Amino acid sequence: MTSRSVTLDDVAQLAGVSYQTVSRVLNRSEQVSARTRDRVEAAMQQLNYVPNRVAQQLAGKATRTLGLATSDLALMAPAQIASAIQQRAARAGYHLVIAMDSGNDAAATVNELLAQRVDGLLINLPLDADEAQQIQLLCGSKPVLFLDVEPQAAVAQCQYPNESGARAAVEHLVALGHRKIGLLNGPLRSVSARQREHAWRQALADHQLTPHCSLRGDWSAQSGYQALLAQLPDDLPQALLVANDQMALGAMRALHQYGVAIPGEISVIGYDDTAESAWYQPPLTTVRQDLHFLGAQSVERMLARLQGEEASGIVLETTLVIRETTAPPADKQVDLVALSQQLQGIARRLAGK
């Protein structure tokens with residue numbers, strides 16, 4: 001018997017239970033004892049049974065499937081979030097369907113998921129309040145959770161606050177003594193990029209500092225590299241806040257290419273703390289968003305919604321991870337050779353008295 005021909009009746013007959021019991025096992029019902037569940041699952045494995053999700057959809061049944069609308073998975077942050085969502089969904093017995101928006105058409109991307117009759121939708125696309133409301137209306141009564149949306153949007157959210165993370169980065173640089181602080185930001189259409197830039201400008205203004213430069217990329221390492229090449233070699237800030245770690249990698253490559261020492265001549269702070277950030281050369285100081293935790297928490301909130309809980313948002317907390325790409329500016333650093341010579345001179349004078 002092939003996997004395509006196996007039915008619930010076949011599983012029920014082998015396990016010695018009713019059709020309804022097999023259905024309850026598939027739907028993770030608590031009405032089935034552990035012993036019966038084990039017997040049914042053993043029968044499924046022996047028969048190589050594969051649930052027919054299309055049939056479930058046509059019958060209007062819950063498919064135990066979640067939909068994820070996401071930005072480009074070639075970027076590290078969306079990819080890590082998607083991986084965490086898939087892992088947590090699988091542990092809960094849910095299948096994950098992913099639709100990637102490569103043309104800035106959120107509605108079309110969401111419609112791909114709705115066509116597959118998913119039970120709930122996770123939206124990791126940069127949306128302003130109006131766009132999010134339109135997506136909410138498009139999804140009708142299905143539970144929806146947004147991971148990258150303007151905080152004031154009247155929709156259920158699970159995300160990190162962009163402004164507190166960017167402010168913490170600026171405060172760190174100012175505390176080190178930097179006064180010429182630039183920004184390498186993401187694309188204008190990005191909600192996160194706009195919020196991080198606003199926080200950068202506001203934090204500088206609070207210290208009576210003027211923005212040194214505002215560069216822009218598309219979140220990729222290549223765009224960070226090209227943005228810095230356009231700024232090199234003469235108009236560099238003392239420090240640079242980069243709106244994600246991938247662009248920071250490209251920026252650091254350009255700086256290395258021109259022989260600019262990090263952090264001796266310029267300090268660099270990234271954003272996200274992706275898995276590779278600690279392995280950059282030098283290891284990257286960055287604003288940490290625990291992307292795995294974000295993905296897992298978003299599934300937790302969705303599962304609660306599917307169980308009938310009211311829609312609610314959750315705001316997570318960023319932390320600044322200080323590594324080796326930030327230091328006081330060159331004119332603030334102690335010249336150890338000169339200091340040693342001064343101490344030796346003082347010692348000689350004291351010895352001569």
Side-chain angles (χ1 to χ4, degrees), residues 66-89 96-114 116 118 120-132 134-136 138-139 144-151 153 155-162 165-166 184-197 216-224 227 242-250 270-277 286-287 289-299 301-302 316 318:
L66 300 180
L68 170 63
T70 182
S71 303
D72 192 346
L73 292 180
L75 299 173
M76 285 300 301
Q80 287 185 229
I81 293 169
S83 175
I85 289 173
Q86 191 280 328
Q87 292 174 35
R88 180 63 188 90
L96 182 68
V97 177
I98 298 177
M100 190 173 71
D101 181 12
S102 56
N104 302 319
D105 190 343
T109 304
V110 170
N111 272 324
E112 285 186 40
L113 301 172
L114 292 173
Q116 300 185 60
V118 296
L121 295 99
L122 302 162
I123 312 295
N124 190 22
L125 299 172
L127 302 173
D128 62 27
D130 290 339
E131 291 169 332
Q134 291 170 8
I135 295 298
Q136 183 77 65
L138 179 64
C139 294
V144 187
L145 187 65
F146 294 83
L147 279 66
D148 187 8
V149 65
E150 286 184 338
V155 294
Q157 307 171 23
C158 181
Q159 60 183 346
Y160 284 95
N162 288 289
L184 170 53
N185 205 7
L188 274 173
R189 68 178 180 273
S190 167
V191 172
S192 296
R194 294 198 300 269
Q195 291 179 336
R196 290 169 196 178
E197 179 169 359
R216 198 166 296 280
D218 62 9
W219 300 123
S220 69
Q222 180 180 1
S223 71
V242 188
N244 80 334
D245 291 349
Q246 276 185 271
M247 289 194 299
L249 176 62
Y271 209 109
D272 286 335
D273 193 28
T274 51
E276 288 74 19
S277 303
T286 184
V287 176
Q289 303 184 107
D290 188 333
L291 302 177
H292 190 276
F293 184 71
L294 171 60
Q297 280 295 304
S298 68
V299 175
R301 298 307 308 154
M302 177 55 65
L316 309 176
T318 59

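In this chain, numbering begins with 1 at the start of the sequence shown. Because the structure is predicted, anything quoted here is derived from the model rather than measured.
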All heavy atoms of P126 vs all of S190, minimum pair found to be CB-CA, 4.0 Å
Of all heavy-atom pairs linking L73 and A82, the shortest is CD2-CB, 4.0 Å
Those residues at least two apart in sequence (or on a different chain) that pass salt bridge (Lys or Arg N to Asp or Glu O under 4.0 Å) with E131 are none
For this session: Would you check if the side chain of S223 reaches a backbone N or O of D218 as a donor-acceptor pair within less than 3.5 Å?
Result: yes
*asked:* I'd like to know whether Q159 forms a side chain to side chain contact (heavy atoms under 4.5 Å, CB included) with V149, so could you lay out the CA-CA distance, the side-chain angles of the two residues, the decisive distance to 0.1 Å, and finally the verdict.
replied: CA-CA 8 Å; Q159 60 183 346; V149 65; 3.6 Å; yes
Quiz item: With a 4.5 Å limit on heavy-atom distance, are the side chains of L121 and L114 in contact?
Solution: yes
Between H292 and Q80, is a side chain to side chain contact (heavy atoms under 4.5 Å, CB included) present by the stated rule, with each step listed? CA-CA 6 Å; H292 190 276; Q80 287 185 229; over 6 Å; no
D273 meets the salt bridge (Lys or Arg N to Asp or Glu O under 4.0 Å) criterion, sequence neighbours left out, with R288, R323
Counting only heavy atoms from other residues, nucleotides and ligands, does the tally under 6.0 Å from CD of Q87 exceed 12? yes
Using modelled atom types only, decide if a donor and an acceptor are shared between the side chain of S71 and the backbone of L125 within a distance under 3.5 Å. no
Minimal heavy-atom distance between A69 and L113, with the atoms involved, is N-CD1, 3.6 Å
**Asked** Is there a side-chain contact between I81 and L147 (heavy atoms, below 4.5 Å)?
**Response** yes
| message | Strictly distance-based, threshold 3.5 Å: is any side-chain N or O of D245 a donor or acceptor partner for the main-chain N or O of T274? | response | yes
Strictly distance-based, threshold 3.5 Å: is any side-chain N or O of R194 a donor or acceptor partner for the main-chain N or O of L188? yes
Any side-chain heavy atom of P78 within less than 4.5 Å of one from D72? no
Output for pair (Q136 CD, L127 CG), nearest 0.5 Å, gives 11.5 Å
- request: Kindly indicate whether the side chain of M247, heavy atoms from C-beta on, has any atom under 4.5 Å from the side chain of W219.
  value: yes
Practice prompt. Would you check if the side chain of E150 reaches a backbone N or O of A129 as a donor-acceptor pair within less than 3.5 Å?
Written response: yes
Within the distance-only criterion (no hydrogens, no angle test), does the side chain of Q157 pair as donor or acceptor with the backbone N or O of L145 below 3.5 angstrom? no
Between the CG atom in D148 and the OH atom in Y160, the distance rounded to the nearest 0.5 Å is 13.5 Å
Q.
Less than 4.5 Å apart, side chain to side chain, heavy atoms only: is that true for P151 and Q195?
A. yes
Interatomic distance, CZ@F146 vs OG@S298, rounded to 0.5 Å, equals 13.0 Å
d(S83 OG, M76 CE) to nearest 0.5 Å is 9.5 Å
For Q289, the side chain to side chain donor-acceptor pair (under 3.5 Å) test, sequence neighbours excluded, returns D272
**Prompt:** Distance-only, no hydrogens or angles: does the Y271 side chain make a donor-acceptor pair with backbone N or O of N162 under 3.5 Å?
**Reply:** yes
Side-chain heavy atoms of M302 within contact of L66, under 4.5 Å | yes
Assess the residue pair T70 and I85 against the criterion (side chain to side chain contact (heavy atoms under 4.5 Å, CB included)); give the C-alpha distance rounded to whole Å, side-chain angles, the decisive distance to 0.1 Å, and a yes or no. CA-CA 11 Å; T70 182; I85 289 173; over 6 Å; no
Closest non-hydrogen atoms of A84 and G295, given as atom of the first, atom of the second and distance, are CB-CA, 4.0 Å
Taken to the nearest 0.5 Å, the spacing of C158 SG from Q297 CD works out to 6.0 Å
Practice problem: With the side chain counted from C-beta on, respond yes when E197 and R216 share a heavy-atom pair under 4.5 Å apart, and no when they do not. | Solution: yes
Here the gap from L68 atom CG to Q86 atom CD, rounded to the nearest 0.5 Å, amounts to 10.5 Å
Problem set entry | pair V144-I123: side-chain heavy atoms closer than 4.5 Å | yes
